[in-house]
Amino acid sequence: MTAALSLFAATSQQIEVSRRRTGASAWGSGMTLDEYVQRDIDLQDSECGREGRYLTWILAPRNDPHTLDFLCSCETFRRAGLTSRMNHTSSEPDSEPLIEQVECYGIASVFTPPQYRGKGYARLMMSLLHWALAGNKLTSTGNIKFPFDIWGSPPAPPKELGMGDATFSALWSDVGDFYGKCSPDGADDDSNRLKKSGGWVIRGTRMTRWCPRPDASTALMHADTGSDLHSYSGEWQWLTQEEVNRLLTHDAELMRKDLRARWFEIISSNSTSSSKTKVLFTFLPSGGVEAFQRERLRRFWEKEKIVHWGVALSDPLGDLSTVRAFATWTLDLRPPASRTLVITRFRCGSCSEEFERSENGHGTQVQILCELLQKVWEYCSEHDIQILEIWNFPLELREVGYRCARHWFVGSDPEGEEFERTEHLPAFKWYGHEYGLTPISSTDSGLVPEEDEVEWVFNEKYV
């Protein structure tokens, strides 16, 4: 039965059917069906969607690929990413890592109509999607063979898009670890074949959720002593969307330096830790990627004429290339839920800098971090924000950052201010370089990624 079905890039008519299906579900809450469809049309025409970056895929019979009664659908967004790994042209273990910009994908809107659920169609579609995104990498570096005996011939993406060379992909699951079972080799759960390659691996589900305190003072307070803080030598500036986009282009360059620093941190700790990390990867926020998180919610915030989407500390002249700390965000104002600010990207220093502290603990970095969180609180107060959410708050900032934040925020959840999410779970699939891949056994020529050998850096909301 599965060989009679395949994955196809959707036609324009199928795209509209797919959008109307999802828009009629809970995903379209707060919008009319026509508004939901128009929103996706606008996203397809945006910087991060145009030129084939945003595609809809459908699972349909091979003998009727243009049917409007297709079985399920999903969407993909081509992105730019960075990877860092050992440079095997050097014999020195502490040599400079090989940092490369690569092709990668975000995946969204996996949807099966109610009448077709429970039949394995979504799992088949997602298993085939690996081959559309990374077929060349799977066969060349992963030594994975397409299961012709199970699925027939592989999917054939439009040639003009040049697909098949993704290094990694990611999705955000609302169905637990379902996508971990969507393997590119057609294996069943109890099959030995599954050991060669699984599906998407959940990674990084920490959520920080705070409520702004209405009684907090606008005075800058030190988290440890309660004494006034003198502002850092620079200038905090509120950022428009255009300024956020320019800042994140610069941030993408800083991320390259951060990956290098993180690499040497791993190398230096290998002798004292149990880390097996051999590859680092991240999506880049530039090119309209971070802006997508605002654009998809535009219909809910544009009526409030909001103009600022971030705050940054730069030199007194306001040069964004000198920014040392910043936060960017989107607003989820969909009724009837609480008015929520979600941090999309957060930086306070970099991985290449130690968290600076003076002898009495009142270091420059601490001061900047406290000021940054205070600025976010000011924005929340001005716009009647009820909830602040941060995904995977930087661990190196966590202790002092939470102390600072408690002056302006309180935890909003019975589990505490930080907990593990049970929805929108980030999950990645690694297709790339053979480095970081381990043979199953001495007699097996196949290679598989070990979960703890691949590290997702900057696993934040901006993707």
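Fair warning: this is a prediction, and the values are worked out from it, not measured in the lab.
Side-chain N or O atoms of His308 include none that pairs as donor or acceptor with a backbone N or O of Leu239 at under 3.5 Å. Judged purely by atom type and a 3.5 angstrom limit, Trp236 has no side-chain atom pairing as donor or acceptor with the backbone of Leu372. For the pair Asn392 (side chain) and Asn459 (backbone), a donor-acceptor distance under 3.5 Å is present. Looking at Thr11, its side chain never comes within 3.5 Å of a backbone N or O of His66 through a donor-acceptor pair. Side-chain N or O atoms of Lys429 include none that pairs as donor or acceptor with a backbone N or O of Phe168 at under 3.5 Å. Judged by distance alone, with hydrogens and angles left aside, the side-chain atoms of Ser169 form no donor-acceptor pair with the main-chain N or O of Gly106 at under 3.5 Å.
Thr340 places none of its side-chain heavy atoms less than 4.5 Å from the side chain of Leu331. Between Glu389 and Leu341 the shortest side-chain heavy-atom distance does not fall below 4.5 Å. You'll find the side chain of Val201 stays beyond 4.5 Å of the side chain of Trp430, heavy atoms only. With a 4.5 Å cut-off on side-chain heavy atoms, Glu35 and Arg299 count as touching. The side-chain heavy atoms of Val244 and Arg294, taken from C-beta on, include a pair separated by under 4.5 Å. No side-chain heavy atom of Arg123 sits less than 4.5 Å from a side-chain heavy atom of Tyr179. Put simply, the side chain of Ser153 reaches to within 4.5 Å of the side chain of Arg62, judged on heavy atoms. The shortest distance between side-chain heavy atoms of Arg209 and Glu417 does not fall below 4.5 Å.
Two rings, from Trp200 and Phe428, have their centers 6.0 Å or more apart. A distance of 6.0 Å or more separates the ring centres of Tyr36 and Trp27. If you look at Phe281 and Trp456, their ring centroids are closer than 6.0 Å.
Each of Leu280, Thr282, Thr167 was compared with Thr83 under the side chain to side chain contact (heavy atoms under 4.5 Å, CB included) criterion, and only Thr167 meets it. Of the residues Arg203, Lys278, Arg85, Arg262, the one that meets the salt bridge (Lys or Arg N to Asp or Glu O under 4.0 Å) test with Glu455 is Arg262. Residue Trp309 forms a ring-ring contact (aromatic ring centres under 6.0 Å, His included) with just one option from Trp329, Trp301, Tyr379, and that option is Trp301. A side chain to side chain donor-acceptor pair (under 3.5 Å) with Arg19 is found for exactly one of Gln44, Glu75, Gln14, namely Gln44. Each of Leu129, Leu128, Leu133 was scored for a side chain to side chain contact (heavy atoms under 4.5 Å, CB included) with Pro155, with one residue passing: Leu128.
At a cut-off of 3.5 Å, with distance as the only test, a side-chain donor of Tyr431 or His130 sits close to an acceptor on the other residue. For the residue pair Ser314/Gln237, the side-chain donor-acceptor check at 3.5 Å is satisfied. Side-chain atoms of Tyr462 and Thr328 form no donor-acceptor pair, as typed in the model, at a separation below 3.5 Å. Side chains of Trp57 and Thr76: a donor on one and an acceptor on the other come within 3.5 Å. With 3.5 Å as the limit, one finds no donor-acceptor pair spanning the side chains of Ser46 and Tyr54. Side chains of Asn245 and Gln241: a donor-acceptor N/O pair is absent below 3.5 angstrom, by distance only. Of the N and O atoms on the side chains of Trp391 and Thr344, not one donor lies less than 3.5 Å from an acceptor on the other residue.
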Practice task
Report the C-alpha distance between Phe393 and Phe346 in whole Å, list the side-chain angles of each, state the deciding distance to 0.1 Å, and finish with yes or no for ring pair (Phe, Tyr, Trp, His ring centres under 6.0 Å).
Solution key: CA-CA 8 Å; Phe393 190 90; Phe346 190 93; 5.4 Å; yes

Problem - Residue pair Leu397, Tyr402: steps toward the side-chain contact (heavy atoms from CB on, under 4.5 Å) verdict - result: CA-CA 8 Å; Leu397 306 179; Tyr402 281 23; over 6 Å; no

Exercise for the section: Starting from the C-alpha separation in whole Å, work towards a yes-or-no answer on side-chain contact (heavy atoms from CB on, under 4.5 Å) for Ile306 and His383. Expected result: CA-CA 9 Å; Ile306 295 171; His383 294 281; 4.2 Å; yes

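Sparse packing is recorded around CD of Glu399, with 12 or fewer heavy atoms of other residues, nucleotides or ligands lying under 6.0 Å away. More than 12 heavy-atom neighbours from other residues, nucleotides or ligands sit within 6.0 angstrom of CD on Glu160. Gln13 CD: 12 or fewer foreign heavy atoms inside a 6.0 Å radius.
Taking CG from Asp251 and CZ from Arg347, the interatomic distance works out to 4.5 Å, rounded to the nearest 0.5 Å.
For the pair Arg21 and Phe70, the cation-pi criterion (under 6.0 Å, within 45° of the ring axis) is fulfilled.
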